[in-house]
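The structure under discussion appears below in the form of structure tokens.
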Amino acid sequence: MVQKPSPLPAHVAIIMDGNGRWAISRGLPRLAGHRAGTENLRRIITACVEFGIKYLTIYAFSTENWGRPREEVEGLMHILEDVIDRELNELHKEGVQLRHIGHLERLAPTIQEKVLQAIELTHNNDRLILNVAFNYGGRDEIVCAIQKMLRDNVKPEEVTAELVSRYLFTAGVPDPDLIIRTSGELRVSNFLIWQGAYSEWYVTSTYWPDFDKEEFRKALDTFAQRDRRYGGLSETVKGNS
Ligand code: IPE
Ligand code: IPE
Ligand code: MG
């Protein structure tokens, strides 16, 4: 029986950063870091299932990552394909439902096809909802939401925060309770900029390929100690006034 941190976040989102530096620090090419990153992702998904986390969103490729050298971009595309080929059946067996957030259009047709098949195969699973942010950007998501609302002739007075949420790629998914960023950068890098309005943050200097189950547990334990006030007052302060 696994000892579970409590309370658990319902939705954890992870900026899986530091693959390149992990590789360079070992004298390896950056792509070796990305491959090691996917192996680690497998471990963290299993840990989420064990702990009973309901939603996991992972930042795998941003709308800004197209600006990297061509070989790295192509390498990342291949890695996505390989991961689907290698892991899909196991993930399906574990009860993981795969979803995608971002734009598929710019990806090669074979990759689009694979992603859509993976979504179709797993759509009835409900143990863990895994949102893969690939070719995802938070600003792009909001721009798309506005375009869709205008196309639907939504009237200005009908626009509310709830409605905007329903027009995002993450429609129907609760906002992330906890956002983890590995490798130490203190920035949001265009990730879930709307949904993260009241997320708790956990940043560690550990590079993503080394962020193991114990580190993950540490992040969850830290989250369990947080006092989420949402602009109000904590229960203890309220009780004393
Ligand atoms: C994160 O690792 C993965 C992607 C952005 C695809 P990086 O590739 O950004 O690694 P660093 O930050 O250069 O070390
Ligand atoms: C964020 O990491 C994107 C992903 C992890 C996919 P980056 O490495 O691209 O972010 P910056 O460039 O350091 O802001
Ligand atoms: Mg990086």
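Heads up: numbering here begins at 1 and tracks the sequence. Read the numbers this way: they start at 1 and go in the same order the structure lists the ligands and their atoms.
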*Do any nitrogen or oxygen atoms of Y59 come within less than 3.5 Å of a nitrogen or oxygen of ligand 2?*
no
*asked:* Geometry only, no angles: is E185 polar-contacting ligand 2 at N/O separations under 3.5 Å?
replied: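 Min N/O separation from ligand 2 is not below 3.5 Å for E185.
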*Report the distance from atom CD1 of I119 to atom CG of L130, rounding to the nearest 0.5 Å.*
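Separation between the atoms: 10.5 Å.
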Ligand 2 contact on [X] by region, counting heavy-atom pairs under 4.0 Å:
| X | result |
| --- | --- |
| A60 | backbone |
| M16 | backbone |
| R181 | side chain |
| F61 | backbone |

_Proximal ligand 2 atoms for S189, defined as those under 4.0 Å from one of its heavy atoms_ =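 Those qualifying, in numeric order: 10 (O), 11 (P), 14 (O).
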Any side-chain to backbone donor/acceptor pair from [X] onto [Y]? Under 3.5 Å, distance only.
| X | Y | answer |
| --- | --- | --- |
| N131 | R99 | no |
| K148 | Y167 | yes |
| H123 | E120 | yes |
| D212 | E214 | yes |

*Is there a nitrogen or oxygen of N19 sitting under 3.5 Å from a nitrogen or oxygen of ligand 1?*
yes
*Could you tell me whether some N/O pair between S183 and ligand 1 is separated by less than 3.5 angstrom?*
no
Tell me which protein heavy atom sits closest to [atom], plus the residue, atom name and distance to 0.1 Å.
| atom | answer |
| --- | --- |
| atom 5 (C) of ligand 1 | R68 NH2, 3.3 Å |
| atom 12 (O) of ligand 2 | R187 NH2, 4.5 Å |
| atom 10 (O) of ligand 1 | G20 N, 2.9 Å |

*Just heavy atoms, cut-off under 4.0 Å: does N65 contact ligand 1 by side chain, backbone, both, or neither?*
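Only the side chain of N65 comes within reach of ligand 1.
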*Mind checking what makes side chain to side chain donor-acceptor pair (under 3.5 Å) contact with S25, not counting sequence neighbours?*
none
*asked:* The criterion is side chain to side chain donor-acceptor pair (under 3.5 Å); which residues satisfy it with N153, sequence neighbours excluded?
replied: none
_Inter- and intrachain pairs under side-chain hydrogen bond (donor to acceptor under 3.5 Å, both in side chains), touching residues 175-189, at least two apart_ = D17-R181, D17-S183, R21-S183, R21-E185, D177-R228, R181-S189
_Run F216 and I180 through side-chain contact (heavy atoms from CB on, under 4.5 Å) and show every step you take._
CA-CA 9 Å; F216 186 42; I180 296 172; 3.8 Å; yes
*asked:* Quick check for you: within a radius under 2.8 Å, how many protein N, O or S atoms neighbour the Mg ion (ligand 3)?
replied: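 With waters ignored, the protein N/O/S count below 2.8 Å is 1.
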*Cation-aromatic face contact K218/Y202, 6.0 Å, 45 degrees*: no
_Is there a path of hydrophobic side-chain contacts, each under 4.5 Å between heavy atoms of I/L/V/M/F/W/Y residues, joining L41 to L192?_
no
*Assess whether atom NZ of K54 is packed by more than 12 heavy atoms of other residues, nucleotides or ligands within 6.0 Å.*
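Enclosed.
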